[in-house]
There are 2 protein chains.
Amino acid sequence: MRVGELSRRTGVPVPTIKYYVREGLLPAGELSSPNQAHYDEAHVRRLRLIRALLEVGGLKVAAIAEVLGAMDDPGRPLHKVLGAAADRLGTEGAADDDAEAEAAGDVVQRLIARRGWHSHEADPAAKDLARALAALSRVGHGAFFELLEEYADAAEVVARADLAYVDRQGPVEELVESVVIGTVLGEAVFSALRRLAHVDASARVFGGVEEERVEPEGSAAGEGSAEREA
Amino acid sequence: MRVGELSRRTGVPVPTIKYYVREGLLPAGELSSPNQAHYDEAHVRRLRLIRALLEVGGLKVAAIAEVLGAMDDPGRPLHKVLGAAADRLGTEGAADDDAEAEAAGDVVQRLIARRGWHSHEADPAAKDLARALAALSRVGHGAFFELLEEYADAAEVVARADLAYVDRQGPVEELVESVVIGTVLGEAVFSALRRLAHVDASARVFGGVEEERVEPEGSAAGEGSAEREA
DNA sequence: CATCATAGATAGTTGCGCTATCGGATAGCG
DNA sequence: CGCTATCCGATAGCGCAACTATCTATGATG
């Protein structure tokens, strides 16, 4: 098929397809003449994958290029491809370097050791975790750390489910793709599920019970900023 | 304190602080004269919260303004504030309207019913979930749906832990803040944990051998994107 | 053969999160 | 009182990311 049909079938505008080709997300079509290229089902699949990673996964175009690059790289140890892909799925930005960051890093290392996880210090996921924990500390919610074990339990449940899913995929290429998709879209799925469960749990605990405690009329003290002395 | 000190204490540049004030993320300082404003600890706290939501949570400035607006809104039923805040924590963009989207919506509604969750159809989280599932279908991974129950189990575990945490916070304002922080930063925490567990499980199943991945290499300068594959 | 689509190249647009600069006011010190 | 550092508020500009539009030469197609 030609680019117009590819566009119609995926809903992606032609100029955008060209842009993705330029950025290395999508292989160029096969040229039959200097201005005629043909695309196939692989392009359709790839394009849908790109849009999914972009729109649902929230990945940046450059990150997608890297992930797909690792995916496509032939003749490479499987676990390396998986690792390379996984390493590109995290957050951007450098970690800051204050007391909170250091303490958070310690907590993460202890957690990893305690769980017996196969991970090293440089793992981007570990860095992301430390960053998040440091941010929690900085906003005065260091107590959140107490939930870490429960979070980790749940994370293991999900990770095991993911692996079981991936494990029953067929050939290697699909397997790698499954990991990428599972990691990125699975995160979106879990995030939404968590918020759903949150709303429900919140409704059970607070809804209607605390409702009456708000005073009517503008007797609210300070305005604008939430300031009160604890 | 004046804006210079606020800047020093939070690491946020003065022009950026002004920008946040303009955007409604941060209340203006109290004017003592036409060109002199004073800031207090509440501003420091708020600023740290903003940076956390921005950098770790990945929220957009406009979304943060909405969330904080709901947080600050006085004299409003607690569960409504919580709901309003939670509703703004999701993804942007409208859902598409194809066969996959419809099927995914069905699956979500059945899941919600089966779980007995208190959720309405318009819940943004439900929409996000449907979007993610539809995307999975489109890339040929509809089989991922089979993991939904396990995912939901894990989500309930996390949600319960969150609620238990929130429940032991004191006054209402802090409680709302806890929900926001727990939801946003908790997501970052879980995401990183999941990837950590993933790497570990993956190594067990596929790696056989644990090899080096991204090498630390170099000093603590900002790392960002390591581009080489040893 | 007339029209349409296409490849490839380059330039422009939009949105976002800042950042720089300017024209006045003070603050605070000697 | 003078002096400098700082501040406020407003406006304009910057840099990046993800497209989008336009142009030319060429080939496809009925």
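Here is how names work: the chains are called A, B, and so on, in the same order as the sequence lines, proteins then strands, and each is numbered from 1.
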### Query
What integer distance in Å separates B/Tyr20:OH from C/dC18:C1'?
8 Å

### Message
Testing A/Ile50, A/Ile64, A/Val61 one by one against A/Glu23 for a side chain to side chain contact (heavy atoms under 4.5 Å, CB included), which residue passes?
### Response
A/Val61

### Query
So, does the side chain of B/Asn35 form a donor-acceptor pair with the base of C/dA25 at under 3.5 Å?
yes

### Task
Identify the residue among A/Leu82, A/Leu49, A/Val179 that makes a side chain to side chain contact (heavy atoms under 4.5 Å, CB included) with A/Met71.
A/Leu49

### Task
Write down the distance between CD (A/Glu55) and C1' (D/dC19), rounded to a whole number of angstrom.
13 Å

### Cationic N near anionic O, under 4.0 Å, B/Arg194 to B/Glu187
no

### Message
Output the rounded distance in Å from CG (B/Leu59) to P (C/dG15).
### Response
20 Å

### Task
Scan B/Pro34 against the nucleic acid and name what it touches under 4.0 Å (heavy atoms): base, sugar-phosphate only, or nothing.
sugar-phosphate

### Message
Is the ring pair B/Phe190/A/Phe190 parallel, tilted or perpendicular, if the boundaries are 30 and 60 degrees?
### Response
parallel

### Query
Do B/Arg138 and B/Asp98 meet the salt-bridge criterion of a basic N to acidic O distance under 4.0 Å?
yes

#### Entry: Distance below 4.0 Å between A/Thr16 side-chain N/O and D/dT20 OP1 or OP2
yes

### Query
D/dA28 C1' sits how many Å from A/Gln36 CD, rounded?
6 Å

### Message
Between A/Leu54 and B/Val14, which residue's closest nucleotide on DNA chain D lies nearer the 5′ terminus?
### Response
B/Val14

### Query
In whole angstroms, how far is the P atom of C/dG28 from the CD atom of B/Glu5?
12 Å

#### Entry: Neighbour count >12 (heavy atoms, 6.0 Å) for atom CD, B/Glu30
no

### Task
When you get a sec, tell me which of D/dA18, C/dC16, C/dT19 is the closest nucleotide to the side chain of B/Lys60?
C/dC16

### Query
Taking atom C1' of C/dA5 as reference, at what distance in whole Å does atom CD1 of A/Ile17 sit?
14 Å

Every protein N/O lying under 3.5 Å from an N/O of nucleotides 11-15 of chain D:
none

### Test item: side-chain donor near acceptor, A/Tyr39 and A/Arg46, under 3.5 Å
no

### Task
Sort out the partner of C/dG30 for me: Watson-Crick or G-U wobble, both distances under 3.5 Å, none otherwise.
D/dC1

### A/Ala37 side-chain proximity, nearest of D/dT20, C/dC18, C/dA7
C/dA7

### Task
Select one nucleotide: of D/dA28, D/dA18, D/dA21, the one nearest the side-chain heavy atoms of A/Pro15.
D/dA21

### Query
Given atom OH of B/Tyr19 and atom P of C/dT21, what is their separation to the nearest angstrom?
19 Å

### Message
Expressed as a whole number of angstroms, how long is the span from A/Glu92:CD to C/dC16:P?
### Response
19 Å

### Task
Assign A/Lys18 to base, sugar-phosphate, or nothing according to its heavy-atom contacts below 4.0 angstrom with the strands shown.
base

### Message
So if I apply the side chain to side chain contact (heavy atoms under 4.5 Å, CB included) rule between A/Val67 and each of A/Val176, A/Asp87, A/Leu89, A/Val184, which one comes out positive?
### Response
A/Leu89

### Message
I need the residues from residues 44-53 of chain A with at least one non-hydrogen atom less than 4.0 Å from DNA chain D; give them sorted by number, or say none.
### Response
none

### Query
Would the number of heavy atoms belonging to other residues, nucleotides or ligands and lying under 6.0 Å from CD of A/Glu102 be above 12?
no

### Task
Please say whether more than 12 non-hydrogen atoms of neighbouring residues, nucleotides or ligands are located less than 6.0 Å from CZ in A/Arg45.
no

